[in-house]
Amino acid sequence: MNDSANALEVRNVSMEYKMPSEKITSLKEMFIKRLKRQVRYKTLRALDNVSFEVKKGEVFGIIGLNGAGKSTLLKIVAGILKPTSGEVIRRGTIAPLIELGAGFNGQLSGLENIFLNGLLLGYPKKFLQDKLDEIIEFSELGDFIHMPLKNYSSGMRARLGFSIATCVQPDLLIVDEVLAVGDIKFREKCESRIQSMIASGTAVLLVSHSLGQVQRLCRRVLWLEKGRVRRIGETKTILPDYEKSSKTSS
């Protein structure tokens with residue numbers, strides 16, 4: 001395999017969390033038990049030795065039931081979380097569409113939040129100024145762009161977050177259920193923008209509960225189950241087995 005053909009490589013990644021093994025009902029109780037060193041912990045393994053690669057220009061899907069570790073894995077790939085073990089190799093620029101609008105300030109207007117969120121994503125101020133009209137137009141917020149964000153619906157916030165995050169042409173786009181919000185017309189518009197990025201060579205790592213969307217967009221998928229890789233392969237081969245397994249589990 002030619003590693004340089006990969007936009008992303010995830011190698012033997014595991015993630016563990018320490019959780020109190022007994023129920024603690026208040027901060028005061030936690031503080032006292034910690035002082036006395038009476039808190040016992042158990043280890044939760046959210047991801048267990050996960051490995052895969054995403055080729056340049058590929059749309060790669062991650063499927064799995066709630067609690068399978070999908071969002072944890074995406075946050076590790078995006079650099080938000082550091083894995084307990086293993087490594088992530090990223091080649092080129094990354095645009096993470098995870099928790100859209102994280103870092104937004106409800107007291108500021110949509111316009112002000114474009115600069116705030118854009119700077120948090122690492123975009124230079126001059127770049128944001130040049131892209132401002134395009135971001136506002138794509139979001140379809142109109143005069144609402146001058147209103148405080150606290151008056152926005154969740155769909156409006158997602159529109160703005162998506163418009164800011166996708167104003168660049170990244171080498172790798174990380175998408176976590178972002179197309180599940182807003183009205184159908186805007187969802188189609190978002191999907192069209194992602195398709196345009198794919199056509200221009202952007203690799204996409206996609207988590208979606210919409211199996212129709214996964215089937216439409218992804219050639220290969222990773223099936224995560226309880227933090228472990230159950231299968232990796234072509235979507236048309238894995239999706240039918242995943243659907244049968246999901247019905248059995250529910």
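The salt bridge (Lys or Arg N to Asp or Glu O under 4.0 Å) pairs that include a residue from residues 102-127 are K126-D130, where partners are two or more places apart or lie in different chains. Note on residues 62-81: pairs passing salt bridge (Lys or Arg N to Asp or Glu O under 4.0 Å), not counting sequence neighbours, are K75-E99.
A side-chain donor-acceptor contact under 3.5 Å links D171 to the backbone of T93.
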Using side-chain contact (heavy atoms from CB on, under 4.5 Å), reason through E225 and L65 one step at a time and then give a plain yes or no. CA-CA 7 Å; E225 189 173 81; L65 300 176; over 6 Å; no
Verify side-chain contact (heavy atoms from CB on, under 4.5 Å) between I145 and I114, making sure each step is shown before the conclusion. CA-CA 9 Å; I145 201 70; I114 289 174; 4.0 Å; yes
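Closest approach of A165 to Y123, counting heavy atoms only: O-OH, 3.1 Å. Looking at every heavy atom in both residues, Q169 comes nearest to S200 through NE2-CB, 3.6 Å. L239 approaches L211 most closely through the heavy-atom pair CD2-O, 3.7 Å. Closest approach of L206 and C218 over heavy atoms only: CD2-SG, 3.7 Å. Nearest heavy-atom pair across V10 and V50 is CG1-O, 3.5 Å.
With salt bridges taken as basic N to acidic carboxylate O contacts below 4.0 Å, one links E140 and K189. Using a cut-off of 4.0 Å between Lys/Arg side-chain N and Asp/Glu carboxylate O, E87 and R11 are scored as salt-bridged.
A perpendicular orientation is assigned to the rings of F186 and F162, their planes being inclined by more than 60° (bins at 30° and 60°).
Using a 4.5 Å cut-off between side-chain heavy atoms of Ile, Leu, Val, Met, Phe, Trp and Tyr, with links allowed through other members, M147 and L111 fall into the same hydrophobic cluster.
A 6.0 Å sphere centred on CZ of R193 holds more than 12 heavy atoms belonging to other residues, nucleotides or ligands. The number of heavy-atom neighbours closer than 6.0 Å to CD of E137, taken from other residues, nucleotides and ligands shown, is 12 or below. Around atom CZ of F115, more than 12 heavy atoms belonging to other residues, nucleotides or ligands sit under 6.0 Å away.
For the 3.5 Å distance criterion, the side chains of S71 and D176 qualify, holding a donor opposite an acceptor.
Atom CE of residue M197 and atom CG of residue L173 lie 5.5 Å apart, to the nearest 0.5 angstrom.
In this structure, R231 forms no cation-pi arrangement with W223, as its terminal cationic atom is not both closer than 6.0 Å to the ring centre and no more than 45° off the ring axis. Taking the centre and axis of the six-membered ring of F104, the NZ or CZ atom of R157 falls outside the cone set by 45° and 6.0 Å.
For F60 and F52, the ring centers are positioned less than 6.0 Å apart.
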